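Only this structure's heavy atoms are used, side chains among them; waters, hydrogens and symmetry mates stay out. All figures in this text were calculated on a predicted structure; none of them were measured in a lab. Letters A, B, ... are given to chains in the order of the sequence lines, protein chains preceding strands, and every chain is numbered from 1.
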Amino acid sequence: MILAILGLALGVFLGFIIPVDLPSSYTSYMSIALLAALDSVFGGVRAELENKFDSHIFISGFFGNIIIATFLAYFGDRVGIPLYYAAIFTFGTRMFQNFAIIRRIILKKIEEKYNR
Amino acid sequence: MKKFLGRPVIGFIFAIIGIMLVMQGQTIGNMGGLVSSQRADELLLELNQLKRENEQLSIRTEELQEAVTDFESLAADNNRYIEKLVSDVNNAKLYSGQTDVTGSGVTITLDYDSVENDGFDPFLYNSELLLLMVNELNAAGAEAVSINDERIISTSEIRLAGSHININGKKHSRPFVFKVIGDTKTLRSAVLIRAGIADIMRANYISVDIEDESELLVGKYEGVISYRYAKPVVSE
């Protein structure tokens, strides 16, 4: 938990000091990549709670999702198919699903503790 | 939870997410903050309406212009005296910038070469430089000047208005392309003289690009000139 928060803080700090300014035309790709990243993290939390977590799957999924989502969005823009929406839809839906499952598992754990 | 959140890799991945978050936030901030899609729709509507209005006004101008030409040709049909008057009128139109003119001259392109997309626009801080440029060109004997195809006439204004520069009441932004008819050499040297207008522009981060043209077309003034207060004095 501490490592995750530290990592996030480090990332935010680095983001502020690295003078990289994304051209505004690439904002949509960046947002898709961010969405894919968040989806992977939620997926990881869920897998952990279900005791199915595998760091190799998690890491490959994290980078794979980001790359594929960004590439698909870019490719879609090139050929005029809004694949962008497909990515938003997929990742968005899955994020909510994962969150629902996480919530259920945590509630169950609290309940068990309370009943004991 | 330990397995998931206790690994160094997780810290690394969260760092990446942090960087992405900040980058995205900064980019959106640079773009002028959050614009909700509803507000964008409103602006689009406004834009379309203004475009339509502009088109209608242009059509009206053309109609009026046609009416004027009709009257002129009607009057000039059979009278020598009136023919003379028409040629005077044509000359007056030429001098007042109400006809397209062609001839040799220079095109001057003013722009800002941003290294990165930094949102800085030197024209918004030094809009008077455009006026200075027009002044220099006139001093060098320019016979017709247009900026972004807005013909500069005696009532033309060049003025900062919000994030645009108004020329002849219309909004313009960089790059600014001057089309100038006149003696090529004189114009060129008037602009490029040491410590002259080009150097001032460059000192203000504006790039100046000047090209000779053997055949240049400068469009006419597109608006309607009407004086409400000034009346000519009739001499006895």
| field | Inter-residue atom distance Ile13(B).CD1 - Ser40(A).OG, 0.5 Å rounding | value | 8.0 Å
| message | Let me confirm one number: the CD1-CG distance from Ile19(B) to Leu8(A), rounded to the nearest 0.5 Å. | response | 10.5 Å
| query | If you measure from CG on Leu14(A) to CE on Met23(B), what distance do you get to the nearest 0.5 Å? | reply | 10.0 Å
| Note, Ile17(B) side chain near Phe62(A) side chain (heavy atom, < 4.5 Å) | yes
| note | Residues Leu34(A) and Met20(B): closest non-hydrogen pair is N-CE, 3.4 Å
| field | Min side-chain heavy-atom separation Val41(A)-Phe14(B) under 4.5 Å | value | yes
| task | Verify the neighbour count for atom CZ of Phe63(A): are there more than 12 heavy atoms of other residues, nucleotides or ligands below 6.0 Å? | result | yes
| task | Find out whether Val22(B) and Phe13(A) are in side-chain contact, i.e. whether some heavy atom of one side chain is under 4.5 Å from a heavy atom of the other. | result | no
| Proximal component of Ala47(A), with respect to chain B [non-hydrogen, under 4.5 Å] | neither
| query | Are there more than 12 heavy atoms of other residues, nucleotides or ligands under 6.0 Å from atom CD1 of Ile193(B)? | reply | no
| message | If I take atom CG from residue Leu10(A) and atom CD1 from residue Ile16(B), how far apart are they, to the nearest 0.5 angstrom? | response | 11.0 Å
